[in-house]
Amino acid sequence: MAERIKPAEKFKRDRVPMKEQDPKERVKNFNEVPYGYSLEEAIKEAQRCLQCKPAACVEGCPADVHIPQFIDKIIDEDIEAAFKEIKITNALPAVCGRVCPQEEQCEGNCVMNKKGKPIAIGRLERFVADWAREHGIVDEDIDESQKKGKKVAIVGSGPAGLACAADLAKLGYDVTVFEALHKPGGVLIYGIPEFRLPKSIVNYEVEQIKKMGVKIYTDYVIGYIKTVDELVEEYDAVFLANGAGAPSFLGIPGENLNGVYSASEFLTRSNLMRAFDFPEFDTPIQAGKRVVVIGGGNVAMDAVRTAKRLGAEEAIIVYRRSRAEMPARAEEIEHAEAEGIRFELLTNPIRVIGDENGNVKGLECVRMELGEPDESGRRRPVPIEGSNFVMDVDNVIVAIGQNANPIVARSATGVETNKWGYFVADEETGKTTHPKVWAGGDIVTGAATVILAVGAGKKAAKSIHETLSAQ
Amino acid sequence: MARILKKEQWSDTIFSMLIEAKDVAKASKAGQFIILIPKEHGERVPLTIADSSKDEGWVQIVFQVVGKSTLELSRMNEGDELYSFVGPLGMPSEVEKFSGKVIMIGGGIGIAPIHPIAKTLKDLGNHVVSIIGARTADLLIMEDKMKEASTELIVATDDGSKGKKGFVNMVLEELLATEADNVDRIWAIGPPIMMKACTESAKKFNKPIIVSLNPIMVDGTGMCGACRVTVGGKTKFACVDGPEFDGALVDFDELMARQRQYKEQEQKALELYKAKEGLA
Ligand SMILES: Cc1cc2nc3c(=O)[nH]c(=O)nc-3n(C[C@H](O)[C@H](O)[C@H](O)COP(=O)(O)OP(=O)(O)OC[C@H]3O[C@@H](n4cnc5c(N)ncnc54)[C@H](O)[C@@H]3O)c2cc1C
Ligand SMILES: Cc1cc2nc3c(=O)[nH]c(=O)nc-3n(C[C@H](O)[C@H](O)[C@H](O)COP(=O)(O)OP(=O)(O)OC[C@H]3O[C@@H](n4cnc5c(N)ncnc54)[C@H](O)[C@@H]3O)c2cc1C
Ligand code: SF4
Ligand code: SF4
Ligand code: FES
Ligand SMILES: [Mg+2]
């Protein structure tokens, strides 16, 4: 058991840095960038926590992780207990510890911000989850006497579907998850790259959920093989968690030339299909000498860093606003910069130019300046007349956002959608306009975050349990 | 699981397989397709549902060996399990009872996907005239099945080794020259160049023609946009908006260019696989 240090000491101590792969090396591989804390580093960081009551950090966590409690158990060197504490509310700690935008959530709320750097809650959560995995710790023992004899169907195996499945299984429900792709995990598997979230970790967390008795049917596209209407007939409740998987394009000339990708396609080829291992794996991918990624969010950063690793000599972000408006996490932008990604800010693409074979050879752009604020409060970019120029490029990747995919919705009679095709669901319960159907995650909110999807899955599980128990 | 129940070789390069897939068989309709991955390291291969049996719980695929994945698939055997098999995908064909005749054109491997649509149309009471063609007699598949699914069947080969000599679009044009007034709808499935030629013939006689597009796909569920095609000046995703479209509106040249996107890598993958497996 490590010692508990005095508050004055806590304020003096710096946040423990996390070691990571050297940028020059890591651009040549797909291995994870940060190495994670050692036990000593984790304890050292945990000792800084003030153990606030009430804890501001928990307010910022959509999954209500018992933050001070689990951190305290790290100081006790009882990592197993810390793990169980986290698992009470979060089914995916190894994932969230890696990909949550902590600076806006738990860490953004930490009182230590006032005195310096917040407690590295995400890194500690990741440490605990990784330790538990490496030591074969499992927390869920399902009490067979709890079996409810009621069946719940879940559409989609992303974080929302998995979190809901885990909670319902714990409560004794018979849960079946239907997944369109051949691997479960949603964006965690097909979208977020290996170097940020190793797939072995996602697979492990999915296996834990399966061990709780949850059945996952992959290769099962609801809307085609079975409708939501049929699920409603066969199950006591249905949770729709099919994500916001339909890519947006810019609508500029030349977008269908060879070499233009949506970020979804580019990342799916690389992550889900392992095109980065071509030809050992059969799915091909192109990343030429110069690759431009259009957009300024996390997805754009993932695509541009993937392009660099696939061998692009120059991987470039083209974004129409300035750096201050970029929606990507600060950490992701810094990682990209360290890896030599070029940023062309205040630049808007207007046309993709092709060669005689239909392959991309250039991108015409126009420079922008910031004008008056728009509805979102951000200053609207306006084109500078006569500033057009052409960049020589081999690939263009469009990372400007996601729309609702209509396949599930059109097979769901009586489940209302809004004008963009997202399901209308109560924020607290996930209830839709159909009494047997709940919905949550990106297909309700539009593209958001892993932990919000986890939170939505948990709320729906609670509400489904309440509704079915009352029957 | 998706087990290969039956395998037949129909020509040098064309194979038929019955795949055990109860739920897929139950849900599938004419015009839809499946996506399979032969083995774990494999890619996602879209193939049309050529036939299915709800009672026996299988789906038939008919494919031509053109590259690494189809070669590897052709070397799998009865009893083997596919790594992944998903479907049905895509919009079903819009079939109805037409007052006039319908013409069904299948070119090469395109005869396999035209078959279930012809069969459905005939079952609905339509007068179905089918034109099937191949480069040469040896490559002509499903003649008997097509005869059964049609009211009239016309066979053509490029080299004249069987039936009429010439391309299917030439046969179509001849037919339309005498019969155009009695024809309500045309379907054409085959290589894009053939569908393009048939579309041009149909346009001359002002007849509506449906074509089934086969761009490169990844997920097949509208998630990636790999399959985008231009139809009537608008971008469509062939996997969810199609695969069938009004031929008169399709930009075939763009489709053909997009199909060539990975030519170099595909060649390399095939050569490596052959070398590894000791194939000629
Ligand atoms: C490239 C990328 C990077 C991101 N990075 C981060 C990050 O760093 N941090 C963060 O917090 N968030 C990040 N996000 C956002 C986050 O991943 C999503 O908000 C989250 O995954 C949403 O979870 P979900 O369960 O609602 O949907 P998804 O993860 O999209 O899962 C939905 C699942 O449903 C399946 N499905 C769809 N249709 C059907 C159907 N008809 N039948 C059966 N199954 C179906 C899909 O195949 C998928 O597996 C990122 C997103 C992307 C695309
Ligand atoms: C909706 C649809 C239905 C199809 N139905 C049939 C069918 O019933 N029978 C049949 O023989 N073929 C069919 N095809 C074509 C078949 O998918 C390709 O021939 C196959 O994927 C080639 O893979 P390969 O590795 O053997 O060859 P490769 O050497 O990789 O490719 C040969 C050519 O096939 C095309 N192709 C390659 N990968 C894909 C892909 N992922 N998706 C689509 N096309 C690709 C490209 O034009 C490529 O140049 C269909 C395609 C689509 C989109
Ligand atoms: S789940 Fe996310 S927000 Fe909550 S404590 Fe963990 S890292 Fe922070
Ligand atoms: S707010 Fe910060 S210091 Fe306080 S309990 Fe949470 S993590 Fe610890
Ligand atoms: S294949 Fe991905 S959207 Fe059609
Ligand atoms: Mg191939």
Using a cut-off of under 4.5 Å for heavy-atom pairs, which of [options] has the most such pairs with chain A?
options                       : value
B:L89, B:V24, B:D219, B:I216  : B:L89
B:Q261, B:Q265, B:E43         : B:Q261
B:R44, B:E72, B:R260, B:K26   : B:R44
B:T230, B:I37, B:D251, B:L272 : B:I37
B:H41, B:K29, B:E40, B:K276   : B:H41

For the pair [X] and [Y], find out whether any cationic side-chain nitrogen is under 4.0 Å from an anionic carboxylate oxygen.
X      : Y      : answer
B:K268 : B:E264 : no
A:D394 : A:R290 : no
B:R258 : B:E254 : no
B:K22  : B:E56  : no
A:E207 : A:K210 : yes
B:K196 : B:D253 : yes

Under 4.5 Å from any heavy atom of chain B - which part of [X]:
X      : answer
A:N405 : side chain
A:Q286 : both
A:V398 : neither
A:F266 : neither
A:I285 : backbone
A:I225 : both
A:E255 : backbone

Among A:P247, A:P279, A:G358, A:S264, residue most engaged with chain B (heavy-atom pairs, under 4.5 Å):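 Going by pairs under 4.5 Å, I would pick A:P247.
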
Between A:N403, A:N256, A:D277, which shows the greatest number of heavy-atom pairs under 4.5 Å with chain B?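 Top count of heavy-atom pairs under 4.5 Å with chain B: A:N256.
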
Which residue, B:I34, B:I61, B:I49, B:L47, forms the side chain to side chain contact (heavy atoms under 4.5 Å, CB included) with B:I19?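 Testing each of B:I34, B:I61, B:I49, B:L47 against B:I19, the sole residue satisfying side chain to side chain contact (heavy atoms under 4.5 Å, CB included) is B:I61.
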
Mind running side chain to side chain contact (heavy atoms under 4.5 Å, CB included) on A:V206 and A:K183 for me, showing each step along the way? CA-CA 10 Å; A:V206 170; A:K183 285 184 185 160; over 6 Å; no

Do A:F178 and A:V238 have side-chain heavy atoms sitting under 4.5 Å apart?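 No; the side chains remain at least 4.5 Å from each other.
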
Contacting region of B:Y273 [heavy-atom separation from chain A under 4.5 Å]: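 Answer is neither: B:Y273 stays 4.5 Å or more from chain A.
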
What part of B:S84 is in contact with chain A, defined as an atom under 4.5 angstrom from a non-hydrogen atom: side chain, backbone, both or neither?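 Backbone plus side chain of B:S84, per the 4.5 Å heavy-atom cut-off to chain A.
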
Ring geometry between A:Y261 and B:Y262 (parallel below 30°, tilted from 30 to 60°, perpendicular above 60°):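 The rings of B:Y262 and A:Y261 sit tilted, inter-plane angle from 30° to 60°.
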
